[in-house]
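Note that the structure is a prediction, hence the values are computed from the model and not measured.
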Amino acid sequence: NIVRWIYFADCLQCVQSEYKVEDYIHGGEFVILTNRSVTDNKDTLIGLIGKMLAHGISALGINEGQISDELIQYADENNLPLFELPEKYPLIDLSQILCQKLVLEENNKNLEEQLFTSILDSEHLNRESVLAQARYLNVDLSGRFCVVEFALKAARNQNGDSLALGRELRRIISMEFSFYTTSDILMLSQTGSVLALVSAERIKEENLKTILQRIVEKSQKQKKIAVDIGVGTAVEYLEDVKISRKEAADAIRNAAMTGVSGHIYWYREQGIYTLISKIQDDKFLDEYVEK
C-alpha cells in the first residue's frame, strides 16, 4: 500500500463520546495505535480498525506484546500490513523517519513533473541537463520512449474531485509499473488526465498491455475511477516525445469520435484516423469536408 502520512490514534480516549474516526482518517495513513486500553480489548480494537479500513488506511503499527492471533488473522483477511513496534524505540523517531521520507518523495515528484514538462515544452532541449537531472531522480532516459495518457472519464467520475482522483490514479500507475522496472517513470498530472513517459526498451509491448489493463481494472474496482488510455508511438529522441504525447491524446479523441469499444487505444492501430491526425492544416481538412 502507498503511505501518504502517519497518524497517531492513541489520543482517541480523550474524546471517547465525540470521537469519529472518519473525521481524522483521509486515506493512505500509517496508523500507530499503542494504547493498551484499546489494544487489549479485542472487540474495541477490531471495530476501530474496521472503521479506519473503510476510510482507506494503508498500514497499522502496534507495540510488541499487544498483537493477538485474532488481529493477525483480521489484518491478513483485509490485506492490511501490520507492523510490530519495539517498545524501546521512540515513536518520535519513527514519525521523523517517515515524514522526512514522505517530504522527500513529494519534492522528487515535483522535480519529476518539472523535468517531464521541460521535455514536452522545450523548443531547444538541453539534453545534458535533462539527463543529469534524470539520473538524480533515478529515471533512465536512454533508448526509445512513448507517452501514455490516462484520461479520467468525466461522465463516470462525477462524484469525485478531479485532483484527488488524479492522485489516486498516479498511485495505481506507479505501483503497477514498479513490478516491471526498477527505474522510476516520469508522470505529469494535468486537468482531467495523467501523462506517463514509458520506456519501450525496458518494458516490452506485451508487458505494457498487461500493465495498462491492470490499471484500468484496479482503478475501477478499488477506487471507482473510470479511465481511458491512449498510447503514442515510441520515439528515438527526447525532442520527439512531444509528438508521442500528441498521438496519445489523438488516440483517445479518435476512439471517442468513432465509438470504438474498450478503454485502451494505440495510436498506430487507428488506421485512416492515424493518417488524418497527421494533417496539421485544419483549414485544408474543413475544405475537404465541405467538398
Side-chain angles (χ1 to χ4, degrees), residues 1-110 159-161 163-176 178-179 184 214 217-225:
N1 291 339
I2 301 296
V3 173
R4 183 185 58 81
W5 202 242
I6 186 170
Y7 171 55
F8 294 89
D10 287 337
C11 63
L12 66 92
Q13 292 302 298
C14 303
V15 287
Q16 272 187 340
S17 59
E18 297 85 6
Y19 183 80
K20 292 182 179 179
V21 69
E22 58 268 25
D23 292 339
Y24 301 90
I25 299 296
H26 305 291
E29 289 90 351
F30 181 178
V31 175
I32 305 298
L33 186 56
T34 61
N35 191 318
R36 295 203 76 103
S37 65
V38 178
T39 59
D40 286 350
N41 187 319
K42 181 180 67 177
D43 293 336
T44 299
L45 178 61
I46 296 298
L48 179 61
I49 297 172
K51 292 180 181 178
M52 292 180 174
L53 273 172
H55 289 82
I57 65 171
S58 291
L60 179 67
I62 292 183
N63 275 342
E64 58 185 344
Q66 296 177 240
I67 298 178
S68 65
D69 292 338
E70 290 85 355
L71 177 57
I72 294 174
Q73 181 180 351
Y74 181 82
D76 286 344
E77 290 173 351
N78 290 276
N79 297 317
L80 177 66
L82 178 61
F83 292 85
E84 186 176 54
L85 309 176
E87 287 193 30
K88 294 182 180 179
Y89 189 78
L91 292 181
I92 186 65
D93 290 348
L94 175 62
S95 65
Q96 184 176 4
I97 290 170
L98 276 174
C99 291
Q100 285 179 341
K101 179 66 174 176
L102 290 169
V103 169
L104 178 61
E105 284 184 351
E106 186 67 21
N107 180 61
N108 284 350
K109 186 188 82 172
N110 292 335
N159 296 327
D161 170 48
L163 290 176
L165 292 174
R167 285 193 294 268
E168 293 293 344
L169 182 56
R170 282 184 66 132
R171 294 189 185 108
I172 295 172
I173 295 169
S174 179
M175 180 68 70
E176 292 305 317
S178 70
F179 294 120
D184 293 339
R214 284 177 56 86
E217 294 172 355
K218 185 171 287 188
S219 299
Q220 181 61 52
K221 183 177 180 181
Q222 295 185 0
K223 302 298 181 180
K224 302 295 187 267
I225 299 174

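- The side-chain heavy atoms of Asn78 and Ile49, taken from C-beta on, include no pair separated by under 4.5 Å.
- The two atoms that bring Gly65 and Arg36 nearest to each other are O-NH2, 3.8 Å, heavy atoms only.
- Between the OH atom of Tyr74 and the CG atom of Leu60 there is a distance of 10.5 Å, given to the nearest 0.5 Å.
- Contact annotation: the side chain of His26 approaches that of Arg4 to within less than 4.5 Å [non-hydrogen atoms, C-beta and beyond].
- Here Ser68 contributes atom OG and Ile46 contributes atom CD1; the two are 6.5 Å apart, rounded to the nearest 0.5 Å.
- Expressed to the nearest 0.5 Å, how far CG of Asn35 lies from CD1 of Ile62 amounts to 11.0 Å.
- Looking at Leu33 and Leu48, their side chains come closer than 4.5 Å, going by heavy atoms from C-beta outward.
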Below 3.5 Å, can you tabulate the donor-acceptor pairs from side chains in residues 82-106 to any protein atom, sequence neighbours excluded?
residue: Ser95; atom: OG; partner: Ile92; partner atom: O; Å: 2.8
residue: Glu106; atom: OE2; partner: Lys109; partner atom: NZ; Å: 3.3

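- Under the 3.5 Å distance criterion, the side-chain polar atoms of Glu168 are left unmatched by any main-chain donor or acceptor of Gly166.
- Between the side chain of Lys224 and the backbone N or O of Lys221, at least one donor-acceptor pair lies under 3.5 Å.
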message: Please determine whether side chain to side chain contact (heavy atoms under 4.5 Å, CB included) holds for the pair Val31 and Ile25, giving the CA-CA distance in whole Å, both sets of side-chain angles, and the decisive distance to 0.1 Å.
response: CA-CA 9 Å; Val31 175; Ile25 299 296; 4.2 Å; yes
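- Listed here is the closest heavy atom pair of Leu169 and Ser219: CD1-OG, 3.5 Å.
- Taking each heavy atom of Gly28 and Ser58 in turn, the nearest pair found is CA-OG, 3.1 Å.
- Smallest separation of non-hydrogen atoms from Leu45 and Thr39: CD2-O, 3.8 Å.
- Annotation: the span from Arg170 atom CZ to Ile2 atom CD1 amounts to 11.5 Å, rounded to 0.5 Å.
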